[in-house]
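What follows is a set of notes on a single structure, which appears directly below.
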Amino acid sequence: MTHRFDWTPGYASRRLPIFGRNVVSTSHPLAAQAGLRMLLAGGNAVDAAVATAAAMTIVEPVSNGLGSDAFCILWDGTQLHGLNASGPAPAAWTPEYFKRKYGADARTPPKRGWDSATVPGAVAGWVALSERFGKLPFADLLQPAIDIAERGYAVPLVVRQKWAAAADELSAHPGYAEAFLPRGRPPEVGERFEFAAASRCLRLIAQTRGEAFYRGEVATAAARHAREHGGAMTAQDFAAYRPEWVAPLGKVYRGHTLHEIPPNGQGIAAQVALGILQNFDLAAMPPDGVESQHLQIEAMKLAFADVYRYVADPRSMELTPAQMLDDAYLASRARLIDTTRAQAFGAGKPASGGTIYLSAADESGMMVSFIQSNYMGFGSGVVVPGYGLSMQNRGHGFSLDDASPNVVAPGKRPFHTIIPGFLSRDGEPVMSFGVMGGNMQPQGHLQTLVRMLDHQQNPQAACDAPRWRFNAGLEINVERSMDPATVQGLSALGHRIDVINDSYQDFGAGQFIWRLGDPALDGYVAASDPRRDGQAVVF
């Protein structure tokens, strides 16, 4: 065992940690079981992850779809790998393109519609993972998703909540009502939802190993639909796409190394915040007390100030990640924190030079941390008829300011929020994990890791614990389950607090798989967030 946990359930929860040698954990039971089917069939953790990801596009369409982007960090048994399957801007996109269409004062591409969608990368990510690391035939991995889409499934509580919340805004967007309002309204809890169009698309992807999606009839249909509805996406934009294998970034915290995908994602925000907190003795503070929570909030603010200023497609960044993660620089940022009051921070100057998450691990030692997303719930609101292709709206993350490192340009990737996490110690794997939910993701990484590494809380307890969420300036949200004395104490320091009852909407949801020792003998302990409908499953 690599870590000594307190196994006492510390917080109110519907979940307990579970143990097994083969594990899949995600936010919908049918998707977790799709991955488990692959493991039972002799597949490995990558096979399980791809099957789970495909199923998630059907059972949680409020968060992801066939038009999603994705990122992955995986341990293959001897080495860590990273995959960036986020898509670029269409070739026609420039600041002038958007200002001509939406006015000279436009600051970002639109929030919805075809002009918010970049080339989707998730399907290419599935294929790349399967080709390089999978054991089972690719078509087998998509069969559970195809079955679920054809037979339908009963819509669960949290998924229905977000479905209903999106309907009014998105119902007029092309293809949305046909796909997601089959009875003229969102489905009710327990009502069956079938998605035959997505099943058809999944079959084409399975039969052609993704070629039909990027260089065949799906791409042609998507380009035609874009053209008919004023978009600039072309079949050539689809055909040119390839995911990118990358080296994960590492940052040491309390003897462990937190690994994140490098920019264009925001994972570096969690590493910056933990690098700042390395300068404080959080273990000596009560885990739910005012002092510890205040330091974490302030460190997160400092991290976001730098990330929002500097992070973009790495080809456009003024600084390298190494400069942003420099220990001396982070120590200087830590000295800005005042333990007696909340502050609003600006970016520093380092020395120059809506989402689903899943995790899978198997008894051979392979561990997969995978995340895919449509960004804002259903994404762009655009669904390509006949194929169930729900397009993300990642293009909204670009800037139209020529001075910004994140300014839109042809073939450029936008700033991204989705971040898979991975933890190692002394070069050996420890945990694959993630916390989904917009800018809550690095905040969730920070809060759960502090609980596990500084306070020895087990993964399920760290997952269950009440969370805060920094928004902007001095404004934070806290869950209603947070100790009122802590809320009052933070308020007294100047934090402007809004206590929120809807945990799903504001505080993300995590999945965690922690390696206990030799995976063939000791296995793993897994946790699944009670803020979603999902579960961890094992054998």
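Start at 1 with the first residue, then count along the sequence.
- Every residue was checked against the salt bridge (charged side-chain N to carboxylate O under 4.0 Å, His left out) condition with Arg224, not counting sequence neighbours, and none meets it.
- When the salt bridge (charged side-chain N to carboxylate O under 4.0 Å, His left out) test is applied to Asp313, the partners found at least two apart in sequence or on another chain are Arg315.
- Of the options Gln271, Lys251, His445, a side chain to side chain donor-acceptor pair (under 3.5 Å) to Glu260 is made by His445 and by none of the others.
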Side-chain polar contacts of residues 380-389 - donor-acceptor pairs under 3.5 angstrom, sequence neighbours left out - could you list them?
from	atom 1	to	atom 2	distance (Å)
Ser380	OG	Val382	N	3.1
Ser380	OG	Met391	O	2.8
Tyr387	OH	Arg200	NH2	3.4
Tyr387	OH	Glu217	OE2	2.7

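- Classification of Lys111 and Glu169 as a salt-bridged pair holds, one side-chain N sitting under 4.0 Å from a carboxylate O.
- Checked for salt-bridge contact, Glu191 and Arg160 miss the test: no charged N lies under 4.0 Å from a carboxylate O.
- Thr118 and Gln392 share a side-chain donor-acceptor pair at under 3.5 Å.
- Not counting sequence neighbours, the partners of Phe71 by the ring-ring contact (aromatic ring centres under 6.0 Å, His included) test are His416.
- In the model, Ser68 has no side-chain atom that pairs as donor or acceptor with a side-chain atom of Gln372 under 3.5 Å.
- Under the salt bridge (charged side-chain N to carboxylate O under 4.0 Å, His left out) criterion, Arg132 pairs with no residue, sequence neighbours left out.
- Going from atom CE of Met367 over to atom CG of Leu80 covers 10.0 Å, rounded to the nearest 0.5 Å.
- Every residue two or more places apart in sequence or in another chain was checked for a salt bridge (charged side-chain N to carboxylate O under 4.0 Å, His left out) with Asp533, and none qualifies.
- Within the 4.5 Å cutoff, side-chain heavy atoms of Arg467 are placed close to those of Thr448.
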